[in-house]
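One structure below.
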Amino acid sequence: MEKGDGQRKGPKFNIYWIYGIIIIVLISAQVFNFSPELKVITEKQFRDNILVQGDVQKLDLVKNKEQVHVYVYKDRLNKDFYVKQFKSRLDPKKIGNSPIFSFEVVDWKAFEERLDVFCKANNIAEVDMRVVKAPEWFGPLLNTVFTLLIIIVAWVLLMRKMGGPSSGGGPGGIFNIGKSKATLFDKGAKVNITFADVAGLDEAKVEVMEIVDFLKNPKKYTSLGGKIPKGALLVGPPGTGKTLLAKAMAGEAQVPFFSLSGSDFVEMFVGVGASRVRDLFKQAREKAPCIIFIDEIDAIGRARGRNAIMSNDERENTLNQLLVEMDGFGGDTGIIILAATNRPDVLDSALLRPGRFDRQISIDRPDVKGREAIFKVHLMPIKISETLDLHKLAEQTPGFAGADIANVCNEAALIAARKGKEAVDMSDFQDAIDRVIGGLEKKNKIIAPHEKAVIAYHEAGHAVCGWFLEHAYPLLKVTIVPRGTAALGYAQYTPTEQYLYNTDQLMDQICMTLGGRAAEQIFFGKISTGAANDLQQITRIAYSMVTAYGMNSKVGNVSFYDPTQENTFTKPFSEETGKIIDEEVRGIIDEAYQRTIQLLTEKKEQVEKLAKELLDKEVLHKSDVEELIGKRPFEEKKILEVETEVAAEPVTETVSSVPVEQAGDNDTATDSTVIA
Ligand code: ADP
Ligand code: ZN
């Protein structure tokens with residue numbers, strides 16, 4: 001993932017600004033507050049010591065404070081009275097244009113009369129007087145503002161601490177929190193990535209080609225009344241080139257590319273996510289036609305509020321806003337939204353509805369051929385020795401994603417440079433691969449050769465079983481390229497259009513699912529944990545047969561199917577029946593396993609052929625299999641839809657048994673056969 005490339009280029013919200021603000025506020029507080037303390041005297045003192053002396057420059061009648069403020073001529077300040085009052089000589093400069101005495105007045109009318117009489121009696125020229133209003137609000141307001149500022153500053157600092165440098169610190173800083181952080185790569189200028197830069201991914205490229213074509217000349221489609229998809233979901237593990245493909249689409253179509261990560265939407269501030277979405281779409285509408293790319297959409301797109309305690313209002317608001325925006329523009333606006341995720345299963349189903357992300361483009365880890373192509377792309381800028389064998393490199397990097405390969409190429413160049421070589425050769429690549437594997441082992445599964453063999457035979461076992469069992473789904477593709485986080489390899493079948501299954505079909509399905517484990521047993525004499533998922537599936541099917549479908553003669557035509565799971569504590573059958581159920585389930589599975597072993601022992605040669613080819617090619621399509629072991633002996637039924645069966649599990653996973661209560665309500669293919 002190319003996080004941060006070109007992102008957040010705007011002016012950074014600098015920490016020094018905060019210091020600056022604090023200093024300015026402090027200084028201004030000083031300036032505004034500066035007025036030497038007014039000495040409080042009595043009216044009599046004022047009359048007898050100041051007024052009579054003719055020292056009064058002017059008076060401020062502060063009526064709202066019931067005070068008179070006295071200004072004194074500066075050249076009189078060294079008189080004894082003043083020195084005594086202030087206990088020091090006053091500095092005229094410091095006083096500036098401020099009053100120095102204040103006395104209290106209650107009745108203004110009476111005061112003015114008194115003053116008048118006094119002046120006349122003492123022959124004092126009229127005193128300069130003006131009525132002023134004390135800026136009552138000033139002090140408190142300044143206080144409030146100041147406190148507020150401190151709080152804001154503390155808050156910003158805290159947010160930055162908690163959320164890392166990214167939150168609250170986007171372009172424009174806290175004042176732009178609601179603005180989307182989408183990076184805009186301008187038309188033609190920045191996106192110079194094309195499909196040529198994306199190696200492999202041929203199927204995905206074909207799928208997105210239509211979208212690119214639409215962006216190039218939308219009229220062609222809209223004039224015919226056709227509706228173009230608004231969005232597509234790129235599904236695949238990290239580093240497989242989802243971002244790259246999205247960028248290449250923008251590059252090919254020559255349209256602006258907005259890219260944003262799902263986690264960017266979800267901030268600590270309430271309402272920010274939704275406003276970011278709004279802003280993003282506003283920007284996009286201005287630049288249409290364009291492509292919006294949302295990486296890690298599962299950060300916002302997780303299924304909403306199933307669990308009241310775990311629900312996250314902010315994320316839900318963001319998701320709702322995204323849905324609203326996606327519904328808000330017509331297909332002819334020219335905005336295409338692409339989103340990437342590794343977990344399409346956790347996404348809210350609303351996101352996958354028609355008119356939203358209704359297309360899923362799956363991007364798997366590359367196979368040998370794909371890896372070779374990716375190597376080719378990334379070796380372009382590198383000076384390589386002539387002896388370098390691309391195919392060998394590809395073979396040595398099973399399970400590597402595109403990003404890992406890019407990493408290997410870079411590492412190899414660095415290693416060669418360190419050794420002072422002229423060109424990068426095979427040994428540098430070997431070192432680089434080792435290094436990357438070392439770094440990856442914790443992150444991804446990189447498969448050791450002997451494990452790869454086990455996986456190949458396991459998958460070959462599934463494939464051969466499916467091939468020679470009449471009622472099994474026809475095979476579509478079998479692969480030992482690890483997929484996602486769950487499977488080490490898998491076989492893909494095309495399910496037939498079918499809602500009712502008979503016992504034979506279910507038995508064949510169990511056998512096919514057991515094919516992996518049986519092959520391990522036959523060829524290696526020992527079994528591995530790789531079949532945990534398989535066992536889970538067949539346990540479910542077998543329990544369903546006995547307890548839900550009435551397919552067992554001993555238990556009879558009863559169904560304990562309990563979709564509401566009300567009977568979590570009390571089982572609807574007796575202890576004895578429970579025992580029989582367990583026995584019968586075991587019987588079914590044992591029988592199926594024996595049958596599978598027998599079948600695969602007969603077809604040992606075919607399994608071997610497939611496994612060897614798998615080790616070499618990693619992916620076998622139906623046509624490859626036909627070539628190797630001949631046509632499938634049973635005619636195929638109508639192919640409807642491709643469904644993936646995950647056939648092998650990570651070696652770390654243990655076999656988990658499925659309790660009786662769960663039987664029958666699971667997502668096996670047989671689920672829909674439950675007749676209520
Ligand atoms: P994702 O978005 O799926 O996590 P990216 O698209 O960010 O992965 O891929 C990261 C980098 O890996 C890319 O920039 C590119 O260098 C390299 N890469 C991944 N897949 C491919 C590919 N199919 N062809 C060429 N380079 C690839
Ligand atoms: Zn399996």
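Every number for a ligand or one of its atoms is a count from 1 in the order of the listing.
Of all the atoms in ligand 1, the ones that sit under 4.0 Å from a non-hydrogen atom of T240 are 3 (O), 8 (O), 19 (C), 20 (N). Taking a cut-off of under 4.0 Å to the non-hydrogen atoms of P238, the atoms of ligand 1 that pass are 4 (O). Ligand-side atoms of ligand 1 in range of G241: 1 (P), 3 (O), 5 (P), 6 (O), 8 (O), 9 (O), 19 (C), 20 (N), range being under 4.0 angstrom from any heavy atom. Under a 4.0 Å criterion applied to the non-hydrogen atoms of A199, ligand 1 contributes the atoms 22 (C), 23 (N), 24 (N), 25 (C).
Take E520 and apply the salt bridge (Lys or Arg N to Asp or Glu O under 4.0 Å) test, not counting sequence neighbours, and it matches no residue. A search for side chain to side chain donor-acceptor pair (under 3.5 Å) contacts involving Q598 returns nothing, not counting sequence neighbours.
At a 4.0 Å cut-off, not a single heavy atom of A340 sits close enough to ligand 1 to count as contact. Look at K247 and you'll find every heavy atom at least 4.0 Å from all atoms of ligand 1.
Considering backbone and side-chain atoms together, L201 places no N or O closer than 3.5 Å to any N or O of ligand 1. Inclusion of D295 in the set of residues having an N or O under 3.5 Å from an N or O of ligand 1 is not warranted. Taking distance alone, with nitrogen or oxygen atoms compared against 3.5 Å, V198 stays at or beyond that limit from ligand 1.
In this structure a side-chain-to-backbone donor-acceptor pair under 3.5 Å is present from R371 to P366. K604 places no side-chain N or O within donor-acceptor distance of the main-chain N or O of I522, the cut-off being under 3.5 Å.
Residue side and main chain included, E459 places no N/O/S atom under 2.8 Å of the Zn ion (ligand 2).
No side-chain donor-acceptor contact under 3.5 Å links H378 and N410. Side-chain polar atoms of T341 and D298 form a donor-acceptor pair below 3.5 angstrom. A donor atom on one side chain and an acceptor atom on the other are found under 3.5 Å apart for E608 and Y457. Looking at Q537 and N533, their side chains do bring a donor and an acceptor atom within 3.5 Å of each other.
By the 4.0 Å N-to-carboxylate-O rule, D508 lies close enough to R595 to be salt-bridged with it.
Residue contacts with ligand 1, taken as heavy atom pairs separated by less than 4.0 Å, involve I374 solely via side-chain atoms from C-beta onward. Contacts between D197 and ligand 1 below 4.0 angstrom, taking non-hydrogen atoms only, involve the backbone exclusively.
With respect to the Zn ion (ligand 2), D534 has OD2 as its nearest N, O or S atom.
Rounding to 10 degrees, one finds that the Zn ion (ligand 2) sits at the corner of an angle of 100° between H462 NE2 and H458 NE2.
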